[in-house]
Amino acid sequence: MFQLDLAPADPILGLTETFKADTHPDKINLGVGVYQDATGKTPILKAVTQAETRLLETETSKSYLSIPGVPEVATYTQELLFGAGHSIIKDGRAKTAQTPGGTGALRVAADFLLRAAPKATVWISNPSWANHRAIFEAAGFPVKDYRYYDKASQGLDGEGFMADLEGVSEGDVVILHGCCHNPSGIDLDQAAWEAIAAQAKAKKLICLVDFAYQGFGEGLEEDRAGLHVLLDAGLAVLVASSYSKNFGLYNERIGAITVVEETANDAVNAFSHVQAAIRAIYSSPPAHGGKIVATILGDATLKALWIQELADMRARIKEMRHAFVQGMADRQQAVDFDFINHQKGMFSFSGLTQEQVLKLRADNHIYIVGSGRINVAGITPANIDPLCDAIAKVL
C-alpha cells in the first residue's frame, strides 16, 4: 500500500538500541541523554517517590484533564521561570499549559507559531538538539542555522553568531537554549543575551527559549538569567520547559509551554491559540507527571528535598567533568581537555572525531554520538579509568 523506503534511524535513539544489543559486560553508554547516578542508573528521586505515595492515597478519578492540564503546573512553572511575585505573573502577562514533555511543548509552540507568524523562518543554533529541526520542519517552517560552536576554540563562535543574528529577517523565530546547551554544553554569556535582546527588539523577532535543563547548570535562579535579559527588555517570548531532567520524570512526559506577552489581554488572546493547537494535537495532557510536579512544588518540605536532590545531581556532573579532565591530563599531553570544565549541564562536545568515536565503539564498547557529544552523567567512578585509557589511545 505505502511505497516507502526505510526511515533513517534516530542518531541518538538508534545508538541506544545498538548499546542495548551489545553483550559486553564493560560497555559504556555516553550517548543516551538521561541523567545517571554514580552507579550508572537513572534514579527515581526521593521527592518523586513521596509525591507518588501521596497521589496513590488521595487520587479518586482518572478523568480527563482540561486542555491546559493540571492548573498548579502553570502556577509553579511561572514561579520557576520568573520568580514568585514577579510583575509578569502579577500583571497576568504569562499563560502556561502543561504538555507531554519538552518535545510536546516545542510542537505546540510550532503549531501556535504557524498561526501567529506563518511566513517566518525558524533559526536554530549550529549545532542544536537534532529534534529542533525535525519538529519545526514537520510543522511546515523553513529552518536555518546560526553559527554557535567554534571547533577551533571549543567555545562559542561569538563573531559568527552575531553576524548571523544580524542577517535574520524581521519577524523571524529564533530558538535559544535557556541553559546547558545541547549538544555543546556551551552557554551564552550576558553580553550575547543582551545582543539578542537588542536585535529581537529592533527586528520584532520571536524568541523561543528551550528551557530543558533548568537547575542543571548553576542553579534554578542562576540558569534563568538569560531568559530574564529578554524579559527585562520587554520582549514577548515563548518558553518550552521540561521536567524530564530536573525531576527525573523521563517516562512521565511532563513539560510546559509558556507564552509571555506585552499585556494581559494579548496573553489571553495568544493562549487561546495555544489551546486550539493542543486540542488538535493531543487534546489534553497525561495527568500523573503533572500531579507529581504540582505536589512537590506545592509542598515546602518536598520542594526543599527536590532542590537538594537537584543540587546533588548538578554536583555529580561537575565532579565527573573535573575527574575526566584530570584523567586525560594524567594520561596524555596532546589534547588539553580543560574546555570541558567550562561547559555546563549533562552534555559536552569532546572534540573526538567520528573516526575516533567508531574506533572506541569497535575496540572498547564505548558508545558516543558521531559528533563527539558525550553525556557527562554517563561517566561514573567505576568507568572513568577505562574510559580515559581508551580515549587516550585513540587521540
Trainee: Using modelled atom types only, decide if a donor and an acceptor are shared between the side chain of Asp336 and the backbone of Asp338 within a distance under 3.5 Å.
Mentor: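 The answer is yes, because a donor-acceptor pair under 3.5 Å joins these two groups.
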
Trainee: So, the side chain of Gln332 versus the backbone of Ala334: is there a donor-acceptor pair under 3.5 Å, distance only?
Mentor: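 Such a contact is found between Gln332 side chain and Ala334 backbone.
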
Trainee: Please name all residues satisfying ring-ring contact (aromatic ring centres under 6.0 Å, His included) with Trp306, sequence neighbours left out, ordered by chain then number.
Mentor: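 With sequence neighbours excluded, Trp306 shows a ring-ring contact (aromatic ring centres under 6.0 Å, His included) to Phe247, given in chain and number order.
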
Trainee: Looking at Arg279, I want to see if its CZ is surrounded by more than 12 non-hydrogen atoms of other residues, nucleotides or ligands under 6.0 Å.
Mentor: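 No, because the 6.0 Å sphere around CZ of Arg279 holds 12 heavy atoms or fewer from other groups.
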
Trainee: Between Cys207 and Leu176, is any pair of side-chain heavy atoms under 4.5 Å apart?
Mentor: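 Sidechains of Leu176 and Cys207: in contact.
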
Trainee: Atom NZ of Lys46 and atom CD of Gln308: how far apart are they, to the nearest 0.5 Å?
Mentor: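 Lys46 NZ to Gln308 CD: 10.0 Å, rounded to 0.5 Å.
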
Trainee: Using side-chain heavy atoms (C-beta onward) and a distance below 4.5 Å, is Tyr243 in contact with Leu80?
Mentor: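 Yes, their side chains come closer than 4.5 Å.
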
Trainee: Roughly how far apart are Gln36 CD and Ile317 CD1, rounded to 0.5 Å?
Mentor: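 Rounded to the nearest 0.5 Å, the CD-CD1 separation comes to 10.5 Å.
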
Trainee: Applying side chain to side chain donor-acceptor pair (under 3.5 Å) as the test, list every pair that has at least one member in residues 293-302; sequence neighbours left out.
Mentor: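 Every pair satisfying side chain to side chain donor-acceptor pair (under 3.5 Å) with a residue in residues 293-302: Arg54-Asp299.
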
Trainee: For Asp37 and Arg316, run salt bridge (Lys or Arg N to Asp or Glu O under 4.0 Å): C-alpha distance rounded to whole Å, both residues' side-chain angles, the deciding distance at 0.1 Å, then the answer.
Mentor: CA-CA 8 Å; Asp37 62 19; Arg316 195 191 95 72; over 6 Å; no

Trainee: Measuring from Asp210:CG to Cys180:SG, what's the distance to the nearest 0.5 Å?
Mentor: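 Answer rounded to 0.5 Å: 11.5 Å.
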
Trainee: Between Phe161 and Ile196, does the side chain to side chain contact (heavy atoms under 4.5 Å, CB included) criterion hold? Intermediate values first, please.
Mentor: CA-CA 10 Å; Phe161 172 80; Ile196 292 165; 3.4 Å; yes

Trainee: Indicate the atoms forming the closest heavy-atom contact of Ala97 with Ile278, along with that distance.
Mentor: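 Closest heavy-atom pair between Ala97 and Ile278: CB-CD1, 3.7 Å.
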
Trainee: Tell me whether Ile44 at atom CD1 has more than 12 heavy atoms from other residues, nucleotides or ligands lying less than 6.0 Å away.
Mentor: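 Not more than 12 within 6.0 Å, no.
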
Trainee: In chain order, what residues pass the side-chain contact (heavy atoms from CB on, under 4.5 Å) check against Ala270, with sequence neighbours excluded?
Mentor: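 Checked Ala270 against side-chain contact (heavy atoms from CB on, under 4.5 Å); matches are Phe112, Val259, Glu261.
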
Trainee: His181 pairs by side chain to side chain contact (heavy atoms under 4.5 Å, CB included) with which of Trp129, Tyr148, Phe347?
Mentor: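 Answer to the side chain to side chain contact (heavy atoms under 4.5 Å, CB included) test with His181 among Trp129, Tyr148, Phe347: Tyr148.
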
Trainee: Hey, quick one: are Trp193 and Leu205 part of the same hydrophobic cluster, counting side-chain heavy atoms closer than 4.5 Å, chains of contacts allowed?
Mentor: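 Yes; tracing contacts between hydrophobic side chains, which count when under 4.5 Å, links both residues.
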
Trainee: Hey, could you give me the CZ/SG distance between Phe216 and Cys179, rounded to the nearest 0.5 Å?
Mentor: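 Here the interatomic distance stands at 10.0 Å.
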
Trainee: Report yes or no: does Arg147 contribute a side-chain atom to a donor-acceptor pair with the main-chain N or O of Asn126 at less than 3.5 Å?
Mentor: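 Checked: no pair found.
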
Trainee: Rounded to the nearest 0.5 Å, what's the gap from CD on Glu59 to NZ on Lys291? Could you check?
Mentor: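 Separation between the atoms: 4.0 Å.
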
Trainee: Check whether any side-chain heavy atom of Thr77 lies under 4.5 Å from a side-chain heavy atom of Val293, and answer yes or no.
Mentor: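 Heavy-atom side-chain distance check fails, nothing below 4.5 Å.
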
Trainee: Do Leu114 and Phe141 have side chains that approach each other closer than 4.5 Å (heavy atoms only, starting at C-beta)?
Mentor: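 In short, these two side chains touch, coming nearer than 4.5 Å.
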
Trainee: How about Lys144 and Ile124: do any of their side-chain heavy atoms sit closer than 4.5 Å?
Mentor: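 Contact flag for Lys144/Ile124 side chains = no.
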
Trainee: Can you check whether Ala267's main-chain N or O pairs, donor with acceptor, with Arg93's side chain at less than 3.5 Å?
Mentor: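 Flag not set: sc Arg93 to bb Ala267 has no pair under 3.5 Å.
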
Trainee: Is the closest side-chain heavy-atom distance between Pro43 and Tyr35 below 4.5 Å?
Mentor: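 Yes. Closest side-chain heavy atoms under 4.5 Å.
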
Trainee: Would you say the side-chain atoms of Thr263 and Asn265 include a donor-acceptor pair closer than 3.5 Å?
Mentor: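 Not at all, the side chains of Thr263 and Asn265 share no donor-acceptor pair under 3.5 Å.
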
Trainee: Using only atom types and a distance under 3.5 Å, with no angle test, would you say the side chain of Lys203 pairs donor to acceptor with the backbone of Glu166?
Mentor: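 Side chain of Lys203 to backbone of Glu166: a pair is present.
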
Trainee: Say whether Leu188 and Phe349 are linked into one hydrophobic cluster, either directly or through other cluster members, by side-chain heavy-atom distances under 4.5 angstrom.
Mentor: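 In one cluster: yes.
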
Trainee: For Gln354, look at atom CD and say whether over 12 heavy atoms of other residues, nucleotides or ligands are found less than 6.0 Å away.
Mentor: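 Counting neighbours around CD of Gln354, 12 or fewer heavy atoms of other residues, nucleotides or ligands fall under 6.0 Å, so no.
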
Trainee: Can you name the closest pair of heavy atoms from Gly171 and Ala117 and give their distance?
Mentor: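 Looking at all heavy atoms of both residues, the shortest contact is O-CB, 4.5 Å.
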
Trainee: Are a donor atom and an acceptor atom from the side chains of His177 and Asn182 found within less than 3.5 Å of each other?
Mentor: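 Their side chains do not contain a donor-acceptor pair, so the 3.5 Å distance test is not met.
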
Trainee: Can you see whether Asp266 engages Asn269 through a side-chain donor-acceptor pair at a distance of less than 3.5 angstrom?
Mentor: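 Checked: Asp266/Asn269 side chains show no N/O donor-acceptor pair below 3.5 Å.
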
Trainee: What ring pair (Phe, Tyr, Trp, His ring centres under 6.0 Å) pairs are there with at least one residue in residues 355-395, not counting sequence neighbours?
Mentor: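 Residue pairs passing ring pair (Phe, Tyr, Trp, His ring centres under 6.0 Å), neighbours aside: Phe19-Tyr367, His24-His365.
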
Trainee: Does Lys119 come within less than 4.0 Å of Asp172, counting only side-chain N to carboxylate O?
Mentor: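 No, no charged N to carboxylate O under 4.0 Å.
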
Trainee: Is there side-chain contact between Phe324 and Cys388, with at least one heavy-atom pair below 4.5 Å?
Mentor: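 Phe324 reaches Cys388 side chain to side chain.
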
Trainee: Please confirm whether the backbone N or O of Ile366 pairs with a side-chain atom of Lys27, one donor and one acceptor, at under 3.5 Å?
Mentor: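 No; zero donor-acceptor contacts below 3.5 Å.
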
Trainee: How far apart are the closest heavy atoms of Asn29 and Gly31, and which atoms are they?
Mentor: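 Looks like OD1-N, 3.0 Å.
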
Trainee: Can you pull the side chain to side chain donor-acceptor pair (under 3.5 Å) pairs that have at least one residue in residues 95-107, sequence neighbours excluded?
Mentor: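 The answer is Gln78-Thr96, Thr96-Thr258, Arg107-Asp111.
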
Trainee: Check step by step if salt bridge (Lys or Arg N to Asp or Glu O under 4.0 Å) holds for Asp223 and Arg314.
Mentor: CA-CA 12 Å; Asp223 289 351; Arg314 184 169 63 246; 5.9 Å; no

Trainee: Which pair of heavy atoms, one from Leu81 and one from Arg224, lies closest together, and at what distance?
Mentor: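 Leu81 and Arg224 have their closest heavy atoms at O-CD, 3.2 Å.
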
Trainee: Report yes or no: does Arg133 contribute a side-chain atom to a donor-acceptor pair with the main-chain N or O of Val143 at less than 3.5 Å?
Mentor: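 Looks like yes, one N/O pair under 3.5 Å.
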
Trainee: Hey, could you give me each pair passing ring pair (Phe, Tyr, Trp, His ring centres under 6.0 Å) that has a residue in residues 62-84? Not counting sequence neighbours.
Mentor: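 Of all non-adjacent pairs touching residues 62-84, none passes ring pair (Phe, Tyr, Trp, His ring centres under 6.0 Å).
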
Trainee: Counting heavy atoms not belonging to Glu221, are there more than 12 under 6.0 Å from its CD?
Mentor: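 Not buried by this count: 12 neighbours or fewer within 6.0 Å.
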
Trainee: Using modelled atom types only, decide if a donor and an acceptor are shared between the side chain of Glu52 and the backbone of Leu55 within a distance under 3.5 Å.
Mentor: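 Side chain of Glu52 to backbone of Leu55: no pair is present.
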
Trainee: Quick check against the 3.5 Å criterion: does Gln356 have a side-chain atom that pairs as donor or acceptor with the backbone of Val394?
Mentor: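 Looks like yes, one N/O pair under 3.5 Å.
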
Trainee: Establish whether Met328 and Val325 are linked, either directly or via other cluster members, by ILVMFWY side-chain heavy-atom contacts under 4.5 Å.
Mentor: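 Yes, same cluster.
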
Trainee: Looking at every non-hydrogen atom in both residues, tell me the closest pair between Arg115 and Ala277 and how far apart they are.
Mentor: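 Heavy atoms of Arg115 and Ala277 come nearest at NH2-N, 4.1 Å.
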
Trainee: Could you give the distance from CG (Leu358) to CD1 (Ile368), rounded to the nearest 0.5 Å?
Mentor: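 Leu358 CG to Ile368 CD1: 10.5 Å, rounded to 0.5 Å.
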
Trainee: Using a 3.5 Å distance criterion without hydrogens, assess whether the side chain of Asn131 forms a donor-acceptor pair with backbone atoms of Ala134.
Mentor: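 Not confirmed, Asn131 side chain does not pair with Ala134 backbone.
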
Trainee: With Lys318 as reference, evaluate Met313, Glu218, Lys344 under the side chain to side chain contact (heavy atoms under 4.5 Å, CB included) test and give the passing residue.
Mentor: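 Between Lys318 and the candidates, side chain to side chain contact (heavy atoms under 4.5 Å, CB included) is satisfied uniquely by Glu218.
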
Trainee: Do the side chains of Leu113 and Ile135 join up, straight or via other hydrophobic residues, at under 4.5 Å, putting them in one cluster?
Mentor: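 Leu113 clusters together with Ile135.
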
Trainee: Ignoring hydrogens and angles, state whether a donor on the side chain of Gln154 or Tyr149 is under 3.5 Å from an acceptor on the partner side chain.
Mentor: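 Yes, Tyr149 and Gln154 have a side-chain donor paired with an acceptor closer than 3.5 Å.
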
Trainee: List the atom of Ala105, the atom of Ala240, and the distance in Å for their closest heavy-atom pair.
Mentor: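 Where Ala105 meets Ala240 most closely, the heavy atoms are CB-CB, 3.8 Å.
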
Trainee: Does the side chain of Leu238 come within less than 4.5 Å of Val209's, by heavy atoms?
Mentor: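 A side-chain contact under 4.5 Å is absent here.
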
Trainee: For residues Val174 and Ile186: do they belong to one hydrophobic cluster (side chain heavy atoms under 4.5 Å, members Ile, Leu, Val, Met, Phe, Trp, Tyr)?
Mentor: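 Same cluster: Val174 reaches Ile186 through Ile, Leu, Val, Met, Phe, Trp or Tyr contacts under 4.5 Å.
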
Trainee: Under 3.5 Å, is there a donor on one side chain and an acceptor on the other for Ser348 and Arg321?
Mentor: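 Looking only at side-chain atoms, Arg321 and Ser348 do form a donor-acceptor pair, the distance falling under 3.5 Å.
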
